[in-house]
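Here's the structure, in structure tokens; my notes come after.
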Amino acid sequence: QVQLVESGGGLVQAGGSLRLSCAASGSFFRIGAMGWYRQVPGKQRELVATITRSSVTRYADPVKGRFTISRDNAENTVYLQMNSLEPEDTAVYYCNAETLGIMWQRESDYWGRGTQVTVSS
């Protein structure tokens with residue numbers, strides 16, 4: 001079993017910054033791709049950014065140029081630096097991670113419980 005614990009959410013004014021962290025712990029051989037998703041009430045969860053184990057990144061168009069995803073493989077942690085925040089970024093942000101087996105095969109997919117980010121105008 002794998003646990004993902006997010007931190008760093010909160011309330012910030014438009015134009016401000018926040019840094020989210022997500023640490024994976026538990027029983028696994030290796031963490032593969034990690035990512036951040038967000039969800040607002042009444043809407044589907046949407047991709048924010050993903051990062052492979054070799055740090056290849058992908059961003060949703062609304063956050064390109066403002067958000068930066070990074071990771072620390074030794075600490076099994078992924079980060080999301082969010083700059084120039086806008087009220088439209090208000091959402092619950094969820095961390096996602098996949099586990100890999102000894103032969104680098106994809107095994108399972110896990111989600112954190114989410115952290116609230118609120119951007120006031």
Side-chain angles (χ1 to χ4, degrees):
Q1 195 68 12
V2 176
Q3 295 79 43
L4 300 178
V5 179
E6 301 110 332
S7 61
L11 173 64
V12 65
Q13 287 189 331
S17 299
L18 283 174
R19 189 189 193 214
L20 305 183
S21 300
C22 171
S25 62
S27 178
F28 54 87
F29 184 76
R30 187 182 287 120
I31 294 291
M34 304 182 82
W36 291 95
Y37 293 74
R38 65 188 182 187
Q39 188 171 22
V40 298
K43 292 190 176 183
Q44 286 190 331
R45 191 171 297 184
E46 63 178 15
L47 168 76
V48 176
T50 60
I51 184 167
T52 67
R53 187 171 175 84
S54 56
S55 293
V56 175
T57 59
R58 180 165 68 108
Y59 295 92
D61 286 343
V63 308
K64 284 181 180 177
R66 301 187 297 123
F67 291 10
T68 302
I69 190 170
S70 60
R71 66 186 289 164
D72 182 334
N73 288 336
E75 298 294 330
N76 294 312
T77 299
V78 64
Y79 305 96
L80 185 68
Q81 178 66 44
M82 305 185 293
N83 298 329
S84 301
L85 282 160
E86 303 168 352
E88 293 73 23
D89 296 316
T90 296
V92 177
Y93 283 70
Y94 295 90
C95 175
N96 173 263
E98 65 175 13
T99 57
L100 305 176
I102 193 169
M103 298 298 290
W104 295 86
Q105 73 278 16
R106 189 174 185 276
E107 291 190 328
S108 299
D109 196 59
Y110 295 90
W111 292 90
R113 293 188 174 184
T115 184
Q116 176 71 46
V117 171
T118 302
V119 184
S120 63
S121 57

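Please read these numbers as outputs of a predicted model, since none were measured by experiment.
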Apart from L100 itself, what residues make up its hydrophobic cluster, given side-chain heavy atom links below 4.5 Å? W104
Considering all heavy atoms of both residues, which atom of V78 and which atom of S70 are nearest to each other, and what is their separation? CG2-O, 3.2 Å
Ignoring hydrogens and geometry, is there a side-chain-to-backbone donor-acceptor pair from Y59 to I69 under 3.5 Å? yes
Contact summary for R71 and S55, nearest pair of heavy atoms: CG-OG, 4.1 Å
Counterpart residues, ring pair (Phe, Tyr, Trp, His ring centres under 6.0 Å), relative to Y110 (two or more places apart): none
One should read off an interatomic distance between R30 CZ and N73 CG, to the nearest 0.5 angstrom, of 10.0 Å
Please go through F29's hydrophobic cluster and name the other residues, only I, L, V, M, F, W, Y counting, with side-chain heavy atoms under 4.5 Å joining them. I102, M103
R58 side chain to T52 main-chain N or O, any donor-acceptor pair under 3.5 Å? no
Correct closest heavy-atom pair for L4 and C95 would be CD1-O, 3.7 Å
Partners meeting salt bridge (Lys or Arg N to Asp or Glu O under 4.0 Å) with D109 (sequence neighbours left out): R106
Inspect the surroundings of CD in Q105 and state if more than 12 heavy atoms from other residues, nucleotides or ligands are less than 6.0 Å away. yes
What are the two closest heavy atoms between A24 and V2, and how far apart are they? CB-CG1, 4.4 Å
Are Y94 and V117 co-members of a hydrophobic cluster defined by side-chain heavy atoms under 4.5 Å apart? no
Please report the closest heavy-atom contact between A97 and I31, naming both atoms and the distance. CB-CG2, 4.3 Å
Are the side chain of S21 and the backbone of S7 linked by a donor-acceptor contact shorter than 3.5 Å? no
If you take all heavy atoms of V92 and Q116, which pair is closest and at what distance? CG2-OE1, 3.2 Å
Enumerate, atom names and distances included, each donor-acceptor pair closer than 3.5 Å involving a side-chain atom of residues 79-86, sequence neighbours excluded.
| unit_1 | atom_1 | unit_2 | atom_2 | d |
| --- | --- | --- | --- | --- |
| Q81 | NE2 | N83 | OD1 | 2.9 |
| N83 | OD1 | S17 | OG | 2.9 |

Working note: Q1 + S27, criterion side chain to side chain contact (heavy atoms under 4.5 Å, CB included); need CA distance, chi angles, decisive distance, verdict. CA-CA 5 Å; Q1 195 68 12; S27 178; 5.9 Å; no
Name every donor-acceptor pair, under 3.5 Å, that has one atom in a side chain of residues 35-48 and the other anywhere in the protein, sequence neighbours excluded.
| unit_1 | atom_1 | unit_2 | atom_2 | d |
| --- | --- | --- | --- | --- |
| R38 | NE | E46 | OE2 | 2.8 |
| R38 | NH1 | D89 | OD1 | 3.0 |
| R38 | NH1 | Y93 | OH | 2.9 |
| R38 | NH2 | E46 | OE2 | 3.4 |
| Q39 | OE1 | R45 | NE | 3.4 |
| Q39 | NE2 | K43 | O | 3.1 |

Can you measure from OG1 (T50) to CE (M34) and round to the nearest 0.5 angstrom? 11.5 Å
